[in-house]
Amino acid sequence: MSSKALVRIFVGGMSLLLISCQGDSPARQQSSDGAVIKPADSRRDVHSYANPEQVRVRHLDLDCELLFDRRVIRGTSTLTLDKAASGEHALQLDTRELKILRTETSADGSAFTIVPFKLDAPDKYLGSRLSVPVSAGTTKVRIEYESSPSASGVQWLDPSQTAGKKHPYVFTQSQAIHARSWIPLQDSPAVRITYTARIRTPIELRAVMSAEQDSNTARSGDYKFNMPQPIPPYLIALAAGDIAFKSLGERTGVYTEPSMLEKAARELADTEKMIVATEKLYGPYRWGRYDILVLPPSFPIGGMENPRLTFATPTILAGDKSLVSLIAHELAHSWSGNLVTNATWSDFWLNEGFTTYLERRIVEAVYGRPREEMEAVLGRQGLEKEMAGMEARDQILHVDLAGRDPDEGFTGVPYEKGALFLRQLEETFGRDRFDAFLKGYFDHFAFQSITTADFEAYLKANLQDSAPVLAARVPVTEWITKPGLPASAPRPQSDAFARVETQANAWLKAETPASKLQTRQWTTQEWLHFLNFLPKELTRDQMQQLDQAFGLTKIGNAEIAHVWLLTSIRNKYDPADARLEEYLTSIGRQKLIKPLYEELVKTPEGRQRAKMIFEKARPGYHPIAAAAVEKIVK
Ligand code: BES
Ligand code: ZN
């Protein structure tokens, strides 16, 4: 039987039948004697072998060396247990492709005894379970290990793949379940830990981590880090290379290769403003400093919200700050994600939907409502396009990822559908009320990992129950458990885009030549909308007109170039061929390269080209990006 409660309420003489928004979540299912049953199922992390209910890790001390010649991280992971072990259960850890050299346990933290370990055969997605026996009174477990050169969470770069071309570089990307490929630990977002680390590198390199560090450290080849707040393991991050630092403000700064430092600092100059705007809305920034590491172009994603040190793709350096909503996004995770964390990867939308909503609010506060509107329209358009080709089960916010790689949940659904859901709550309950609700939510769940059911219960108690008439307008259960978008989903509007459409239509009807269109004030978002708005098929002459008038093949802005190259492949516009090859061999961000390969393979000649380009580009791609592209072209 469903736990949905039908509630009839009377408003001004009208009777409304409400379906309680509690949904089917086990969180509030009641047993026959009325006792609330523990939400065991929705809280269980199917992507980890860890057994935190029995033995829980609370601190990691990492001590390792970066062996660039072998592409290996070698060292020890010392795990502090939450309370002394009972001795009944072994400690179960997650590993992937790790070579385990030795395991030891200690009762007092100083004298360690070697114990035998068991490393299971690997599962395709989860890696290998590592069991370490712990006896009664064990407080620490030390694992000596080496990562594999093909570790899924580590990319090693040759000097040729860096801007400076002189020094090698390495960086990690742990989300969703790749921390286990470079550190043996309980790799579940429900297990929050503090960490300390000591990292040895060649002396000419500098290491940085998602933790407290001294930005003025001289290069010593020996670096120390401390993360005093409990974080989920997917936020542990490390990079090392020829990395310089420039301060942007009292608590913000940028790390990147020396030749990119000035450009990055100019682009990211508004970071402190963004922090101030977010604090005003959602309460204090609780992580001390907020620095940004701008990575080499092979970084496989746009950005990663590693605490105190966001990792970002250099493709946001457009020269005009037009792509910094990505920084607003990663900064927003300091509240939604890092402070209040998804307990399992099925709850990923709690991280990304909230963050996309916050991102738009920050953009509005710092750059104005028209810019926010454009980004929101692009967001909904992208979501609709993506969902059109997507299985129904993947269109659900509370997605079922059992038996799958959690990276498969990295689609537009948790982001844009999640953000539209919160936008509807805001528009329905009003901004003041909703802002207060969100601020309270971040306070209430600070430093906790929560499930969708936890959110639903909090929403009911703190927003819906106080205004049942308004609550009736938001189909919460449909948002969370059904594919597609509710009919009442918000439709963001942009006047600026309406003007873009007027211009585009004038050109399409041959009323105005491309060179006479009023595009002078256009920002990146307007260009993206202009190109997206054009019909799929354009004549060669039309392509040439656009290219001549606006120099699109030569454009440096990575997002505009992406859409132009897609258009060019679709319309067999060969003057852009060389640019396409250059683009695909110099950028490794999956969101920008995968759609281009997908468009190429639609024709036999295109597939040939895709294979040829991939062969050249592959050494520069992150292992995950390479695997994804391989799947497309083969
Ligand atoms: N946390 C994500 C990146 C991520 C998600 C990595 C899932 C691995 C698995 C990050 O905050 C993010 O969403 N990045 C976006 C940029 C953003 C502006 C939408 C990206 O990389 O495209
Ligand atoms: Zn995000």
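Keep in mind the model is a prediction, meaning the values are calculated, not measured. Counting starts at 1 for both ligands and their atoms, in listed order. Side chains are part of it too, since the values below use all heavy atoms of this structure and drop only hydrogens, waters and symmetry mates.
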Does the N or O separation between His333 and ligand 1 drop below 3.5 Å for any pair? yes
Nearest to atom 21 (O) of ligand 1, what protein heavy atom do you find, and at what distance? Gly302 N, 2.6 Å
Identify the residue among Ile301, Ile292, Leu295, Val294 that makes a side-chain contact (heavy atoms from CB on, under 4.5 Å) with Phe311. Leu295
Do Phe437 and Tyr458 have their ring centres less than 6.0 Å from each other? yes
For a quick check under 3.5 Å, do His562 and Asn557 share a side-chain donor-acceptor pair by atom type? no
With a cut-off of 2.8 Å, does Glu305 put an N/O/S atom close enough to the Zn ion (ligand 2)? no
Just jot down the ligand 1 atoms closer than 4.0 angstrom to any heavy atom of Phe348, in number order. 5 (C), 7 (C)
Check Glu416 with Arg360, please: is the shortest side-chain N to carboxylate O separation under 4.0 Å? yes
Geometric cation-pi criterion, Arg618 with Tyr621: 6.0 Å, 45°: no
Modelled atom types, side-chain donor and acceptor of Thr315 and Arg589, under 3.5 Å: yes
If you have a sec, work out which protein heavy atom is nearest atom 2 (C) of ligand 1 and how many Å separate them, to one decimal? Glu352 OE2, 3.3 Å
I'd like to check which ligand 1 atoms, numbered from 1 as shown, lie under 4.0 Å from a non-hydrogen atom of Glu330. 10 (C), 11 (O), 12 (C), 14 (N), 16 (C)
Indicate yes or no: does an N/O atom of His329 lie under 3.5 Å from an N/O atom of ligand 1? yes
Based purely on interatomic distance, does Gly303 place a nitrogen or oxygen under 3.5 Å from a nitrogen or oxygen of ligand 1? yes
Should Gln173 be listed as contacting ligand 1, given a heavy-atom distance under 4.0 Å as the test? yes
For Tyr415, counting its heavy atoms only, list the atoms of ligand 1 lying under 4.0 Å from any of them. 2 (C), 5 (C), 12 (C), 13 (O), 19 (C)
Looking at ligand 1, does any of its N/O atoms fall within less than 3.5 Å of an N/O of Gln175? yes
Can you tell which of Phe434, Trp479, Tyr415, Tyr357 makes a ring pair (Phe, Tyr, Trp, His ring centres under 6.0 Å) with Phe421? Trp479
Exactly one candidate in Ser152, Ser181, Ser150 meets side-chain hydrogen bond (donor to acceptor under 3.5 Å, both in side chains) with Glu97; the answer is Ser150
His329, N/O/S atom nearest the Zn ion (ligand 2): NE2
Can an N or O of Ile301 be found at a distance shorter than 3.5 Å from an N or O of ligand 1? no
Under-4.0 Å salt bridge between Asp454 and Arg43: yes
Glu384 with Arg380: basic N within carboxylate O range, under 4.0 Å: yes
Using a strict 4.0 Å cut-off to heavy atoms of Glu305, name the atoms of ligand 1 that fall inside it. 1 (N), 2 (C), 10 (C), 11 (O)
Donor + acceptor pair across side chains of Arg96, Ser128 (<3.5 Å): no
Under a 4.0 angstrom heavy-atom cut-off, which atoms of ligand 1 come close to Leu326? 16 (C), 18 (C)
Give the atom name of whichever N/O/S atom in Glu352 sits closest to the Zn ion (ligand 2). OE1
Name of the His333 N, O or S atom nearest the Zn ion (ligand 2)? NE2
